[in-house]
Amino acid sequence: MPSPRSRIVMTAPRVRFAPSPTGYLHVGGARTALFNWLYARATGGTFVLRIEDTDKERSTPAHTQVILDGLSWLGVGWDEGPFFQGAYAERHHADAERLLAAGRAYKDYLTASELDIERAKAKALGAPFRFERARHELPAAEQARRKTAGMPYAIRFAMPDAEIAWDDAVHGHISWQGRDLDDFIILRSDGSAIYNMAVVSDDIAMAITHVIRGDDHISNTPKQIALYRALGHEPPVFAHVPMILGTDGKKLSKRHGATAVGDYRDMGILPAAMRNFLALLGWSPGGNDEILPESDLIARFTLEHIQKKAAVFDAAKLEWMNGQYLSMLPVLELLAPVRRQLDLLHVQTERDLAPLIDAVKTRSRTVTHLAEQIAVRLDASRIVRDDKGSQFAAKLGDRFAANLRLVHQALSVCDASEWNAALLEAALKRLAESTGVKLGDVMQPIRVALTGGTVSEPVPELLAVVGREESLARIGRAGG
RNA sequence: GGCGCUAUCGUCUAGGGGCCCAGGACACAGCCCUCUCAAGGCUGGAACACGGGUUCGAAUCCCGUUAGCGCUACCA
């Protein structure tokens, strides 16, 4: 009977996220990473990051960096790694050789081009090609000839003709027949390992206990389980998470617009909102709650509540959720993202951004939109009289400028110490009352003068945020 | 073609035999609040793919059909 302590050590899960560095972090990958991370956090486990960089063509350090940056931004930190699959070529090779030595795999001297010919032949007959040892393996004499000639060979796994089944943590029982799988190659003739071999070798070496990955890997799973067993290891728990689709129900791709987490960062999505949204895409806490802080996400996350069905990525809901976070997050946490967006807009300022953020955040769904509004408040040259603004001014006719002159007169009396929302509101209401002008016809022209549009925070707050001198100047110009 | 996976409002989902002539959220429409727009509140339309079973009773269990998707590489 193990002690409670050693039991914890024995059972603490080790999970991994294993992206290939393709140059960007896809939202589907990001969500897979998030699920792994949530599971590790929920169970006290370890989250390992492994970069599958064996595709030399596409893999560069820059591509890897994009993935690392994306995960860091999302707030999905790894406990171990990043490890690079390319560094383990020797072990992959050795594991394949072990299988060969144990009789669980065999040498295949057929060349790639000969294989292509076989495939073409099958195609001509309208039959699907499958490598079958009995049919395609070279005669012993020919094998011997090629061996003595020093010709290269690939190593094929001898797939057992037996049932291979597992209890998937999200799908339940899944079963395959070995005879439906062919003797796939595990080691290329150049000595490098094929994906399934490399993954199993790495997952064993890294003591991965739970493989949480996209369900496009379901059909790789029986092959990998066969490899685990042949290598003398118990397979890990598998949890296959559904895909993320575009609005047309097709696999999410560049056609659908933004698909990389970096794109969402640039669009002004907050990491907390992205995390929350992604977590709810294909997983549910089981209740009616939608806005879940990180601690709740972790506390409530279970593999069993992962959806089996693919989910459509709904950007509108993401933006709504981002707006929720914008409204509820303390200004302090918004400072850095807002500053980044202001930089992108080339807005420089020494001013304390907190009051500005407070003024506009409930009307913003993205940090980008929020920063644009701040820019207008800080810099009069950013004012653009939009359609609604023009229409309003036209509708009011002469009274537009006239009302602004009245306002200018009335507010000039307020000195800097009185320039706050409460006092300004009182002054404007007094003005409306004494002149008989409708309150809206006092307020709205100010809004247009200060922002160019008809939408903003309440006018007194707007005046306070823009400041006395600048407000009066804008009102003077628009009323002039 | 073969094998596998999947199937609740337009979308994300709750549901794991009676609490469901199906609940929440986004989106949409209307109303309230109101100097505008948001936010917030209220209201409305909107779904168990189809066909068979099992059962006193099925969105829930079983079988089939259909549809979608994945894999079927000396790619990952």
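The shown structure was predicted, so the numbers you read here are calculated from the model rather than taken from an experiment. The sequence lines fix the lettering, A, B, ..., with proteins before strands; numbering per chain opens at 1.
No contact: A:G214 has no heavy atom under 4.0 Å from any strand. Base engagement by A:P460 is indicated by at least one non-hydrogen atom pair under 4.0 Å involving a base atom. Across all strands, A:P242 comes closer than 4.0 Å to no nucleic acid atom at all (heavy-atom distances). Nucleic acid contact for A:T454: base, since at least one base atom lies under 4.0 Å from a heavy atom of the residue. A:V312 comes within 4.0 angstrom of the backbone, heavy atoms only, and of no base. Within 4.0 Å of A:I185, counting heavy atoms only, lies at least one base atom of the nucleic acid. A:L428 comes within contact range of no nucleotide atom at all, as no heavy-atom separation falls under 4.0 Å. If you check every strand for non-hydrogen atoms under 4.0 Å, A:D289 touches nothing. Among the protein residues, A:K438 comes within range of no part of the nucleic acid, since none of its heavy atoms lies under 4.0 Å from any strand. Backbone-only engagement by A:Q444 is indicated by non-hydrogen atom pairs under 4.0 Å involving sugar-phosphate atoms exclusively. Heavy atoms of A:S192 sit nowhere under 4.0 angstrom from any nucleic acid atom. Contacts of A:A112 with the nucleic acid, taken as non-hydrogen atoms under 4.0 Å apart, include base atoms.
With salt bridges taken as basic N to acidic carboxylate O contacts below 4.0 Å, one links A:R50 and A:E52. Salt bridge status for A:E457 with A:R377: present, with a side-chain N to carboxylate O gap under 4.0 Å. A:D161 and A:R179 are joined by a salt bridge, as a carboxylate oxygen and a charged side-chain nitrogen come within less than 4.0 angstrom of each other.
For A:Q224, no side-chain nitrogen or oxygen approaches OP1 or OP2 of B:A76 to under 4.0 Å. Close to B:C71, at under 4.0 Å from its OP1 or OP2, lies no side-chain N or O of A:R130. Taking 4.0 angstrom as the limit, A:W320 places a side-chain polar atom (N or O) nearer than this to OP1 or OP2 of B:C26. Within the structure, every side-chain polar atom (N or O) of A:H217 is placed at least 4.0 Å from both OP1 and OP2 of B:G70. Between A:S219 and the phosphate of B:G4, there is no side-chain N or O to OP1/OP2 separation shorter than 4.0 Å.
For the residue pair A:R213 / A:T221, a side-chain donor-acceptor distance below 3.5 Å is found, with atom types taken as modelled.
The aromatic rings of A:F392 and A:F400 sit perpendicular to each other, their planes meeting at more than 60°, with 30° as the lower class boundary.
Toward the 5' end of RNA chain B, the nearer of the two residues A:R119 and A:D314, judged by each one's closest nucleotide, is A:D314. Along RNA chain B, the nucleotide closest to A:K309 and the one closest to A:G282 are compared, and the more 5′ of them pairs with A:K309.
The side-chain tip of A:R156 points at the ring of A:F131 from less than 6.0 angstrom away and within 45° of straight on. Judged by the 6.0 Å and 45° rule, A:K147 forms no cation-pi pair with A:Y109.
Comparing B:C9 with B:A49, their P atoms are spaced 7 Å from each other, to the whole Å. Comparing the C1' positions of B:C28 and B:C62 gives a spacing of 39 Å, expressed to the nearest Å. Remark: the separation of the C1' atoms in B:C74 and B:G70 is 22 Å, to the nearest Å. One P atom belongs to B:G24, the other to B:A46, and the distance between them is 14 Å to the nearest Å.
Checking B:A47 for Watson-Crick or G-U wobble geometry (two distances, each under 3.5 Å) identifies no partner in any strand. Across all strands shown, the partner of B:G40 is B:C32, judged by Watson-Crick or G-U wobble contacts whose two distances both fall under 3.5 Å. When both distances must be under 3.5 Å, the Watson-Crick or G-U wobble mate of B:A22 does not exist. If you check B:A7 for Watson-Crick or wobble pairing at under 3.5 angstrom, you find it paired to B:U66. Pair assignment for B:U72 gives B:G1, based on Watson-Crick or G-U wobble hydrogen-bonding distances that are each under 3.5 Å.
For A:E461 and B:A38, the CD to P distance is 17 Å, given to the nearest whole Å. Look at CG on A:L326: it is 16 Å from P on B:A38, rounded to the nearest Å. We find that CD of A:Q307 is positioned 9 Å from C1' of B:C12, with the value rounded to whole Å. Atoms CG (A:L281) and P (B:A25) sit 19 Å apart, rounded to a whole Å. Straight-line distance from the CZ atom of A:F313 to the P atom of B:C26: 17 Å, rounded to whole Å. At whole-Å resolution of the value, CD in A:E457 and P in B:G40 are 18 Å apart. The CG atom of A:D215 sits 8 Å away from the C1' atom of B:C69 (whole-angstrom rounding). The nearest whole Å value for the distance from the NE2 atom in A:H369 to the C1' atom in B:A38 is 10 Å.
The base of B:C74 has none of its N or O atoms less than 3.5 Å from a complementary donor or acceptor on the side chain of A:R156. Judged by atom type and distance alone, A:K308 does not reach the base of B:A7 through any side-chain donor-acceptor pair under 3.5 Å.
Of all heavy-atom pairs spanning A:L281 and A:A311, the tightest one is CD1-CB, 3.8 Å.
Side-chain proximity of A:K250 to B:C26, B:C69, B:C5: nearest is B:C69. The nucleotide whose nearest atom lies closest to any side-chain atom of A:Q324 is, among B:G70, B:A27, B:A39, B:A39. The side chain of A:R365 has B:A39 as its nearest neighbour among B:C5, B:A76, B:A39. Listed nucleotides: B:C35, B:G15, B:C69. Nearest to the side chain of A:L439: B:C35.
In summary, the aromatic rings of A:Y24 and A:Y264 are positioned with their centroids too far apart to meet the 6.0 Å limit.
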